[in-house]
Amino acid sequence: MLVLAPTADLAWADELGSGRGAPAGRTVVVHGTLDEALTVAMARRYAARAGVTLHELPGCGHFDVIDPESAAAWAVVTEALRTIVGAAAA
């Protein structure tokens, strides 16, 4: 699973303190350090509790992770997708 934009889910998981144990399947969270809607600290807490991979994108905001024209973010997002697809195929 690649978490791109379900912000309500991540916020809710953080509020509940959930994420104890990894979700089923490979999970990668990609988060911009300049995200003002959901802080990177929240993503860090979730990733630490859930034991999932977190890629922090310096200088990226909330929507950069879903913008194919964001060179800094999109390369990380597409690589994360490749690792998930590769893991699923193995």
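Residue numbers start at 1 and run along the sequence shown. Every heavy atom of this structure was used, including side-chain atoms; hydrogens, water molecules and symmetry mates were not.
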Only pairs at least two apart or in different chains count here, so list each salt bridge (charged side-chain N to carboxylate O under 4.0 Å, His left out) that has a residue in residues 54-77. R44-E56

Test of understanding: with side chain to side chain donor-acceptor pair (under 3.5 Å), list the residues that count as partners of T53, not counting sequence neighbours. R26

Polar side-chain atom of H31 near backbone of L38 as donor-acceptor pair, under 3.5 Å: yes

Examine F63 and V76 and state if one hydrophobic cluster contains both, with Ile, Leu, Val, Met, Phe, Trp and Tyr joined whenever side-chain heavy atoms are less than 4.5 Å apart. yes

Ignoring hydrogens, what is the shortest heavy-atom contact between P58 and T33? Give both atom names and the distance. CA-OG1, 3.3 Å

Can a donor-acceptor pair be found, under 3.5 Å and without considering hydrogens, that links the side chain of T27 to the backbone of V52? no

For a quick test of reading the model, state the closest non-hydrogen atom pair linking L57 to A72 and the distance between them. CD2-O, 4.2 Å

Same cluster or not: are V40 and V28 linked, directly or through other Ile, Leu, Val, Met, Phe, Trp or Tyr residues, by side-chain heavy atoms under 4.5 angstrom apart? no

Closest heavy-atom pair and its distance - I66, P68: O-CD, 3.3 Å

Please report the closest heavy-atom contact between G32 and V65, naming both atoms and the distance. N-CG1, 4.3 Å

